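Atoms considered below: every heavy atom in the structure, side chains included; atoms not considered: hydrogens, waters and symmetry mates. Since this is a predicted model, take the numbers as computed values, not measurements. Order of listing sets the numbers, starting from 1, for every ligand and every atom in it.
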Amino acid sequence: MRPDLAVVNAEELVTLQADDGSLGIIENGALVAKDGRVAWTGSTAEFKRKSFAKPKKLVDANGKLVTPGFVDPHTHLVFAGSREGELERKIAGESYVGILSGGGGINRTVAETRKASRARLVAEASGRLEQLVRNGVTTAEVKTGYGQSLASELKMLDVIKSLDEMGPIELVPTFLGLHAKPPEFKNADEYVDYAIKTMLPEIAKRKPAFSDCFCEDGVFSGEQCTRYLRASRAQGLALKMHADEFADSGGASLAAEMGCTSADHLGKSGRAGIEEMAKRDVTAVLLPGTSLYSAIGYADAKMIAGTGCSIALGSDLSPNSWIESPQLVMMLACSAEKMTPADALRGVTVNAARALGRDDIGRLSVGEKADFVVHDLPSYRFLPYRVGGNYVSAVFKEGREVYSPQLD
Ligand code: ZN
């Protein structure tokens, strides 16, 4: 076999492929890729003993850390405008819900996103996408939800599709049908009816990977979300939920009952709801960056892990919490939510893939996508420890180098 690519001399090659619960680290590791997939992993010494033909491209990691590419399982990457002024209002004591009810927050982004052309949305989002890539992200979920009308939600799906086709990384589209009630609807029930009857059937034809809703007291109730999720399932869509961000609204148990792939936020969920999620294999997506921005308290990661529920970490990149660095998310997960560096790394790789229902990304095992990052760091323990700079030396998507600082 002539490899397309071989990487040698990785101080730590973190495969996340191990039966013993470890990270599957290969010291002085090597990796071989063929046709965009991982074809072999082992030590550099073993690589030299193997009789591979000369690879088309040889990367000397030169003592650096190699991890699977980061998977961001929760972003609102596509939006128009920005809301930097709200930071000052939050510092002065206004709440997220208070800003929202005054026409700010999501409502402001919806107004700007509805007005924006596809080209403007692509241009604004591609700058953020580039930052994700520079920070080691090789797959990102992207939600709609700032359109809140059939035409504008379809426009958002078009934009996500265009960005995915432009590359260099893969985007997973989610229809966030219930994000907030748009101002032209009298009440949430009317809007839920509109989402179910008018939007879902048309949206489903585009086959987004997921349908999502924001289940929270004062936003959409459990009953409204149940109706919406049932209708989404009937349209053949897999399900996600924003649950229990500000209060325990029963979102975690509803996510379990509805068979969601993931429930996200969970800052206020009680143990009973999380236990139900664990039983039904629903992945918990924690978003500690949002907890920091909105000053709403952090999820109880220890309790969640104690139930056996798998934990993924997302950026929640949005105009509310504009975070483009998985390393920063890992640092917050460790320092504020008491996750270990190993669990935080699982959270942005293999468990993030689970949160997207995927088993071909998030690990470096034979047959899976050769998505990986070379970091100028000696060990995975530095990922949540040395933050604020950028130590990404190279990003590979399906065996192809898509970013390295030297190319800038
Ligand atoms: Zn979100």
Exercise. At the Zn ion (ligand 1), what angle lies between atom NE2 of His76 and atom NE2 of His74, rounded to 10 degrees?
Worked result: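 Vertex at the Zn ion (ligand 1): approximately 110°.
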
Exercise. Under the ring pair (Phe, Tyr, Trp, His ring centres under 6.0 Å) rule, what pairs show up with a residue in residues 210-231, not counting sequence neighbours?
Worked result: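 Of all non-adjacent pairs touching residues 210-231, those that pass ring pair (Phe, Tyr, Trp, His ring centres under 6.0 Å) are Phe214-His242.
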
For this session: Under the ring-ring contact (aromatic ring centres under 6.0 Å, His included) rule, collect the residues that match up with Phe372, sequence neighbours excluded.
Result: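 Phe396.
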
For this session: Please check if the side chain of Ser249 supplies one atom and the backbone of Asp217 the other of a donor-acceptor pair under 3.5 Å.
Result: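 It does hold such a pair.
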
Problem set entry | Asp316: its N/O/S atom lying closest to the Zn ion (ligand 1) (atom name) |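 Output for this pair reads OD1.
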
Problem set entry | Sidechain N-carboxylate O distance under 4.0 Å for Glu276, Lys279 |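 Salt bridge absent between Glu276 and Lys279.
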
Exercise. Under 2.8 Å from the Zn ion (ligand 1), is there an N/O/S atom belonging to His242?
Worked result: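 Checking the Zn ion (ligand 1) against His242, an N, O or S atom does fall under 2.8 Å.
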
